[in-house]
Student: 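Would you mind keeping the following structure in view while I ask a few things?
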Amino acid sequence: MTTRFFTTSGKFHRGNLHTHSTNSDGILSPQEVCNRYQAEGYDFIALTDHFVGLFDYPISDTSAFRNEHFTTIPGAELHTGSMENGHLWHILAVGLPVDFMPPNAPNFRPVKGSESAADIAQRARDTGAFIAIAHPHWSGLTRSDARTLTAAHAVEIYNHGCAVDNDRGEGFVTLEQLLNDGRQLNLIATDDAHFNTPDHFGGWVMVKATENTPEALLAALKSGDYYSSTGPDLHDIRVSTDSVEVNCSPAVTVIVQGDRPSTATLHGGSMTTAKLPLERLGNSPWLRITVIDSAGKRAWSNPIWLSR
Ligand SMILES: [Zn+2]
Ligand SMILES: [Zn+2]
């Protein structure tokens with residue numbers, strides 16, 4: 001991605017891309033889930049119920065809950081095929097047609113000979129969906145598992161439900177391994193809300209689009225015109241040959257990461273601009289930015305690929 005979208009026309013729309021309802025194992029109806037998110041200040045959500053036979057392979061039609069200030073993108077959490085550890089894959093697909101063909105996934109146990117995770121992800125991507133590898137830490141995903149999912153646009157690097165319920169919410173190791181393979185993947189923070197624990201309103205994406213419609217949001221997601229957050233806002237990122245400048249809501253730490261252990265890091269009090277030299281990043285082909293506020297909340301840019 002580039003960082004041009006920060007300064008193009010349009011506005012940022014706050015959304016949650018990973019949510020469950022009573023159409024699978026969540027405890028609130030689709031309408032109530034939409035109501036809660038809109039009341040909390042979100043501009044959109046994707047309801048992504050578990051696409052398994054146990055729940056009649058739901059792709060919830062949430063179009064009735066759209067209004068002037070809130071929209072929805074149809075989606076699902078897809079399940080088929082076994083990871084190296086023998087457990088079932090979890091793949092997020094946002095922007096699915098409601099008639100997307102089910103795999104053979106009767107429940108949460110993998111079925112021998114069923115469609116592979118790589119194949120269903122590609123099939124979903126081919127319909128126009130935005131695809132993310134869900135909660136890799138919680139899943140116990142290996143590097144070779146991750147490498148097979150070539151249709152992915154992104155890795156879920158923060159899953160609020162996993163963070164709150166089992167402290168396995170992060171996916172940065174998986175993401176950076178794939179970046180270091182040369183895969184130009186983005187990242188997402190989500191809730192994975194079921195509303196049966198404090199698993200909601202904790203991780204979101206801020207998507208830059210000229211209008212709050214499913215089509216515009218989906219296009220921006222696939223282009224990487226967004227950032228992810230658990231609190232802070234990113235206002236602009238400018239990359240030059242020897243430094244990165246970041247404008248953000250008040251932060252105590254700003255970090256630039258690349259393909260090596262060393263980073264560029266600036267600590268301070270209520271920083272809203274930060275200029276970080278890139279000399280410690282070497283010739284990393286990608287950079288990404290993390291902003292941390294005084295409450296420990298974080299915002300993350302997508303990886304920025306440099307031509308050098
Ligand atoms: Zn899952
Ligand atoms: Zn989920």
Side-chain angles (χ1 to χ4, degrees), residues 15-30 32-34 36-37 42 45-60 62 72-96 100 102-103 105-110 114 117-118 120-121 124 129-142 145-146 149 151-171 174-175 187-205 228 230:
N16 173 28
L17 299 175
H18 190 164
T19 333
H20 300 276
S21 74
T22 46
N23 288 351
S24 64
D25 59 352
I27 64 162
L28 299 180
S29 69
E32 186 61 20
V33 171
C34 292
R36 297 280 183 104
Y37 274 96
Y42 284 71
I45 66 159
L47 202 60
T48 52
D49 277 304
H50 295 289
F51 197 57
V52 292
L54 179 66
F55 304 120
D56 292 329
Y57 297 105
I59 295 174
S60 308
T62 49
T72 61
I73 310 177
E77 187 166 4
L78 305 177
H79 304 279
T80 183
S82 173
M83 302 179 296
E84 283 194 323
N85 62 9
H87 295 289
L88 187 68
W89 268 90
H90 292 223
I91 303 154
L92 206 56
V94 172
L96 281 178
F100 186 68
N107 51 44
F108 289 105
R109 283 186 300 279
S114 59
I120 200 171
F130 172 80
I131 308 297
I133 297 174
H135 46 61
H137 185 184
W138 181 87
S139 291
L141 200 76
T142 66
D145 286 328
L149 218 78
H153 294 92
V155 175
E156 190 181 61
I157 53 77
Y158 180 78
N159 178 303
H160 188 60
C162 291
V164 165
D165 292 338
N166 40 67
D167 204 18
R168 288 176 170 165
E170 287 209 353
T174 297
L175 173 69
L187 58 89
I188 56 170
T190 74
D191 274 347
D192 200 355
H194 295 70
F195 283 92
N196 54 345
T197 73
D199 60 0
H200 38 282
F201 314 141
W204 56 87
V205 287
S228 300
T230 62

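Quick caveat, the model's predicted, so the values are computed rather than measured. In what follows, every heavy atom counts, from backbone to side chain, and hydrogens, waters and symmetry copies are set aside. Order of appearance sets the numbers: ligands from 1, and atoms from 1 within every ligand.
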Student: For the atoms NE2 of His20 and NE2 of His18, give the angle they form at the Zn ion (ligand 2), rounded to 10 degrees.
Tutor: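 So the angle at the metal works out to 110°.
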Student: Return yes if some donor-acceptor pair links the side-chain N/O of Asp145 with the main-chain N/O of Glu84 below 3.5 Å, else return no.
Tutor: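 Yes, Asp145 side chain to Glu84 backbone: donor-acceptor pair under 3.5 Å.
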Student: Nearest N/O/S atom of Glu77 with respect to the Zn ion (ligand 1), by atom name, please.
Tutor: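 Distance check against the Zn ion (ligand 1) picks out OE2 in Glu77.
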Student: Hey, is the Zn ion (ligand 1) within less than 2.8 Å of some N/O/S atom on His50?
Tutor: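 No.
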Student: Heavy atoms, side chains only, cut-off 4.5 Å: are His200 and Tyr37 in contact?
Tutor: yes
Student: Measure the shortest side-chain to side-chain distance between Leu96 and Phe51 over non-hydrogen atoms and say whether it is less than 4.5 angstrom.
Tutor: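 A side-chain contact is absent here, since even the closest heavy-atom pair is not under 4.5 Å.
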Student: Which is the closest N/O/S atom of Asp192 when seen from the Zn ion (ligand 2)?
Tutor: OD1
Student: Please determine whether His90 has a backbone or side-chain N, O or S atom lying under 2.8 Å from the Zn ion (ligand 2).
Tutor: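 Checking the Zn ion (ligand 2) against His90, no N, O or S atom falls under 2.8 Å.
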Student: Looking at Thr48, Asp191, Asp192, which hits side-chain hydrogen bond (donor to acceptor under 3.5 Å, both in side chains) with His20?
Tutor: Asp192
Student: Is any side-chain heavy atom of Leu88 closer than 4.5 Å to a side-chain heavy atom of Pro110?
Tutor: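 They are in contact (side-chain heavy atoms under 4.5 Å apart), so the answer is yes.
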